[in-house]
Protein chains: 2
Amino acid sequence: MARPAEQRPERGEAQEAFLDAAEVVFAESGFHGATTRAIAERAQANAALIHYYFGSKEALYEAVVARRAGAINDERRTRIAALHARGAVTLETILEALLRPTIALGRDPSRGGAHYARLLGHAASGTDERSRRLTGAHYNAIARVFIAEIAAIVPGLSPEDTVRGYLNAVAIGISLMAPTGRSQDLSDGALRDDDLEEIIGQAVRFLAAGIRALAKPPG
Amino acid sequence: MARPAEQRPERGEAQEAFLDAAEVVFAESGFHGATTRAIAERAQANAALIHYYFGSKEALYEAVVARRAGAINDERRTRIAALHARGAVTLETILEALLRPTIALGRDPSRGGAHYARLLGHAASGTDERSRRLTGAHYNAIARVFIAEIAAIVPGLSPEDTVRGYLNAVAIGISLMAPTGRSQDLSDGALRDDDLEEIIGQAVRFLAAGIRALAKPPG
DNA sequence: GTCTATAGTTCGATAGAC
DNA sequence: GTCTATCGAACTATAGAC
């Protein structure tokens, strides 16, 4: 390893430019469809530097994921802690703590997170080794946090249906992260992809009702 | 090793073998990650035949999608028509008509549909030209059918929220199509991936409650 | 129709100048 | 640290024997 002696090498602007560019290209084409040459071109840098900085295309991909997943899950934990501190824990506020960090990232052009949203969509639907390692490493721990929160706040919800409800929330969350224009198409332009508060509010209401319905006996 | 002449596939079966094999490999690795060699090996046939039968890797991919999407949407239309004929149209039965064909396909080992489910997951989260062409060509028409059905049966649901509800249903439907084992992981084994009626029943209940909640005024 | 062989590209990765 | 040049491998697709 030709790294400096420090354990955690500082990440300069060049590395960040590669991460930003890789996020876009991986999102557009998936892991295999993306090429290091395309990433370097978008980063306006030399392709050989990818291997110098990250070691391999695979390692670059994992760095892209780690950067966003870490920030998202840190914000989720902060929000959950704040809810407990304020005594404001409800199913709705828990769901908002789950969804807002991802959806807000996906709608903020200045942060380029819409690309990560699509990348995550690829990974969430993948069953290959890379995708499973990714979701396991970055999202299983936070999943258990939210499952515990939901179970504690919804009376009569079985452990199985708690997991079901959480996974439904995540499925909708991912589908809402990345604006695809499909909602605009299907509503003939009436539904806009960019009203953040409306999107989060309606998603929370939808999911809260769905989860509470699971807790009720059939009838 | 060459098979005996009497076991060699008849005319048409060779193409089906390629479609089956391609479905598996495309699902596992995505379009770019899949190779014609891997598809041919799984089909126990020669890779050059892919071009003889289908013209290109791209055309093979589209043939894989067309085969399943056509069958799924035909079944959906049949189910909707049957509901109207029986006078059994409710939000729940509409949602079941939407979800059952895909989820059942994904859980039926004899039909190999779990692979198509993963393939569709890739396409649904993709914004590349190929993915958009695919969803537009095969799923926009059926989407409008279901949006109209939902709007007609749920009082007070705005056109925008009807589209929202439909897209939420599709997002959850796709996430339920392919067993990923994640629900089993997160529930420590309590939630099983293979109980078809339980999965459909709980999904329908969840979605019906969510959609009806969108129709109610905030409060 | 089915095969072998290979053309023509393009890929990830690396060596080495500076 | 950053570049050019290039390697070896893998890819899709095709030509042509049979």
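To find a chain, count down the sequence lines: A is the first, B the second, and so on, and within it residues start at 1.
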Distance, rounded to the nearest Å, where [X] contributes [atom1] and [N] contributes [atom2]:
{"X": "B:I39", "N": "D:dC11", "atom1": "CD1", "atom2": "C1'", "result": "12 Å"}
{"X": "B:E41", "N": "C:dT2", "atom1": "CD", "atom2": "P", "result": "19 Å"}
{"X": "B:F54", "N": "C:dG1", "atom1": "CZ", "atom2": "C1'", "result": "14 Å"}
{"X": "A:Q15", "N": "D:dT2", "atom1": "CD", "atom2": "C1'", "result": "12 Å"}
{"X": "A:L60", "N": "C:dC11", "atom1": "CG", "atom2": "P", "result": "15 Å"}
{"X": "B:H32", "N": "C:dG12", "atom1": "NE2", "atom2": "P", "result": "11 Å"}
{"X": "A:F26", "N": "C:dC11", "atom1": "CZ", "atom2": "P", "result": "13 Å"}

Strictly under 4.0 angstrom, non-hydrogen atoms only: write out the protein contact profile of nucleotides 13-18 of chain D, one letter per nucleotide from the 5' end, B, S or -. BB----
Go through D:dT2, C:dT2, C:dG12 for me and flag the one nearest to the B:Y53 side chain. C:dT2
Among the nucleotides C:dT2, D:dC11, C:dT4, whichever has the atom closest to the side chain of B:N46 is C:dT4
Testing the 3.5 Å rule here: is there a donor-acceptor pair between the side chains of B:E62 and B:H138? no
Is there a donor-acceptor pair under 3.5 Å between the side chain of B:R42 and the backbone N or O of B:A21?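 Looks like no, no N/O pair under 3.5 Å.
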Between B:K57 and B:I50, is there a donor-acceptor pair closer than 3.5 Å when you use the side chain of the first and the backbone of the second? no
How long is the gap from CD1 on A:I142 to CG on A:N73, to the nearest 0.5 Å?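 Here the interatomic distance stands at 4.5 Å.
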Nearest nucleotide by nearest heavy atom, which residue falls closer to the 5' end of DNA chain C, A:T35 or A:L49?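 Between the two, 5'-proximity favours A:T35.
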Quickly, which of A:D161, A:N168, A:L95 forms a side-chain contact (heavy atoms from CB on, under 4.5 Å) with A:I211? Name it, please.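 Output: one option passes, namely A:L95.
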Give one of base, sugar-phosphate or nothing for A:A34, where a contact means two heavy atoms less than 4.0 Å apart. sugar-phosphate
Using a 4.5 Å cut-off on heavy atoms from C-beta on, say whether the side chain of B:L49 contacts that of B:F54.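 The answer is no; the side chains never approach within 4.5 Å.
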Both conditions, 6.0 Å and 45 degrees, for the charged tip of A:R164 above the ring of B:F206: are they met here?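 That pair does not qualify as a cation-pi contact.
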